[in-house]
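Structure record follows, encoded as structure tokens.
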Amino acid sequence: DIVFENVSFRYEGAEKETLHDISLKIKQGEKIALVGHNGSGKTTLVKLLLRLYDPTDGVVKLDGKDVKDYRLSSYRDNYSCVFQDFKVFSLSVVKNVLLRRTTEEDNENVVKALKESGAYDKIVRLENGIETTLTREFDDNGANLSVGEQQKVSLARVFANDCPCIVLDEPSSALDPIA
């Protein structure tokens, strides 16, 4: 379970808190959606969950333990995330999906993840398929994908990783209504 207990957060230099006295419990296996106006603190809450920031007041707990008590890298290994301001890199599709060194054995997992995200049909038509470099920044034979297609590749990351918690922060912001 993930628990926010009386969590408040104020950005440095801000006059008022972005979040004030938030209490929330997310049970293991539960799927939730945070809905609110722009600037209401949804992304800030996600960043607190991921320990990109620590609360100004209150505590975030995982399985009853303050998240600050976990080693940061092992804590973050529990999460697979896609943010609205996603990035693709001038690397192969495989490396963009996995974001690590890869082996031939990874290809099957990447293909499955691309199918789940909706990117596969586009990627398979590229000259080098999943080995195609995304962008032409360092490779004249690379592929320049539309922003929506890039977002689908980014979304494939959550399907390729076996993490207990998936965090999606507007993962469809660049997709057309049908996608």
Side-chain angles (χ1 to χ4, degrees), residues 2 11 18 26 29-53 67 70-179:
I2 298 167
Y11 285 96
T18 301
I26 306 167
E30 190 173 30
K31 294 174 178 73
I32 69 158
L34 299 174
V35 180
H37 295 285
N38 291 345
S40 63
K42 302 177 301 289
T43 297
T44 299
L45 191 82
V46 167
K47 290 179 178 181
L48 290 169
L49 171 66
L50 300 174
R51 287 222 48 222
L52 298 175
Y53 304 125
V67 297
Y70 290 92
R71 197 174 84 241
L72 187 57
S73 61
S74 63
Y75 174 75
R76 287 187 182 151
D77 284 345
N78 288 295
Y79 300 92
S80 186
C81 309
V82 176
F83 293 99
Q84 61 187 348
D85 57 346
F86 62 91
K87 302 288 183 233
V88 295
F89 303 96
S90 191
L91 301 167
S92 70
V93 173
V94 172
K95 289 181 180 174
N96 264 282
V97 171
L98 296 176
L99 297 176
R100 62 172 169 78
R101 291 183 188 266
T102 60
T103 64
E104 285 289 320
E105 292 81 42
D106 290 320
N107 290 355
E108 185 177 324
N109 183 32
V110 169
V111 166
K112 180 179 171 280
L114 290 167
K115 287 178 179 178
E116 297 255 354
S117 74
Y120 180 76
D121 291 342
K122 172 66 178 186
I123 299 302
V124 75
R125 290 192 310 258
L126 298 174
E127 185 176 339
N128 294 313
I130 63 174
E131 293 301 328
T132 302
T133 299
L134 296 183
T135 81
R136 292 191 179 120
E137 185 176 4
F138 303 116
D139 183 349
D140 291 338
N141 296 317
N144 286 326
L145 302 178
S146 73
V147 176
E149 291 162 341
Q150 290 176 37
Q151 191 163 37
K152 289 178 183 180
V153 169
S154 182
L155 185 58
R157 294 171 184 159
V158 299
F159 295 113
N161 293 309
D162 186 25
C163 292
C165 189
I166 295 173
V167 177
L168 306 172
D169 186 3
E170 297 192 40
S172 60
S173 62
L175 300 181
D176 61 66
I178 294 172

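Just the heavy atoms: all of them, side chains too, but no hydrogens, waters or symmetry mates, feed the values below.
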Report the distance from atom CG of Asn78 to atom CD1 of Ile166, rounding to the nearest 0.5 Å. 12.5 Å

Could you grab the distance from atom CG of Leu49 to atom OG1 of Thr44, nearest 0.5 Å is fine? 12.5 Å

Can you measure from OG1 (Thr132) to CG (Asn96) and round to the nearest 0.5 angstrom? 11.0 Å

I want to check something: taking the side chain as every heavy atom from C-beta on, are Lys42 and Asp169 in contact at a cut-off of under 4.5 Å? no

Just how far is it from atom CG of Leu114 to atom CD1 of Ile123, taken to the nearest 0.5 Å? 6.0 Å

Could you check whether any side-chain heavy atom of Ile2 comes within less than 4.5 Å of a side-chain heavy atom of Cys165, counting everything from C-beta outward? yes

When the ring planes of Tyr11 and Tyr53 are compared, do they come out parallel, tilted or perpendicular, using 30° and 60° as the limits? perpendicular

If every non-hydrogen atom of Tyr70 is compared with every non-hydrogen atom of Arg51, which pair is closest and at what distance? O-NH1, 4.4 Å

Applying ring-ring contact (aromatic ring centres under 6.0 Å, His included), name anything that partners Phe89, two or more places apart in sequence or on another chain. none

CG of Asp139 to OG of Ser92: how many Å apart, nearest 0.5 Å? 10.5 Å

Between Thr135 and Asn144, does the side chain to side chain contact (heavy atoms under 4.5 Å, CB included) criterion hold? Intermediate values first, please. CA-CA 5 Å; Thr135 81; Asn144 286 326; 4.1 Å; yes

Are Cys163 and Tyr79 packed together at the side-chain level, in the sense that at least one heavy-atom pair is separated by less than 4.5 angstrom? no

For Gln150 against Val88, the heavy-atom pair lying closest together: OE1-CG2, 3.4 Å

Evaluate whether atom CG of Asp140 has more than 12 neighbouring non-hydrogen atoms of other residues, nucleotides or ligands under 6.0 angstrom away. no

In short, Asn161 meets Ser80 closest at the heavy-atom pair ND2-OG, 3.8 Å

Nearest 0.5 angstrom please: Asn107 CG to Ile130 CD1, how far? 3.5 Å

Passes side chain to side chain contact (heavy atoms under 4.5 Å, CB included), Asn109 versus Leu98? Steps please. CA-CA 9 Å; Asn109 183 32; Leu98 296 176; 4.1 Å; yes

Sorted by first residue and then second, give each salt bridge (charged side-chain N to carboxylate O under 4.0 Å, His left out) pair with at least one member in residues 87-108; sequence neighbours left out. Arg100-Asp106

Check: Cys81 main-chain N/O paired with Arg157 side-chain donor or acceptor under 3.5 Å: no

Is the number of heavy atoms from other residues, nucleotides or ligands within 6.0 Å of CG (Asp85) greater than 12? yes

Using side-chain heavy atoms (C-beta onward) and a distance below 4.5 Å, is Leu168 in contact with Leu155? yes

Keeping to residues at least two apart or across chains, list the side chain to side chain donor-acceptor pair (under 3.5 Å) pairs with something in residues 112-129. none

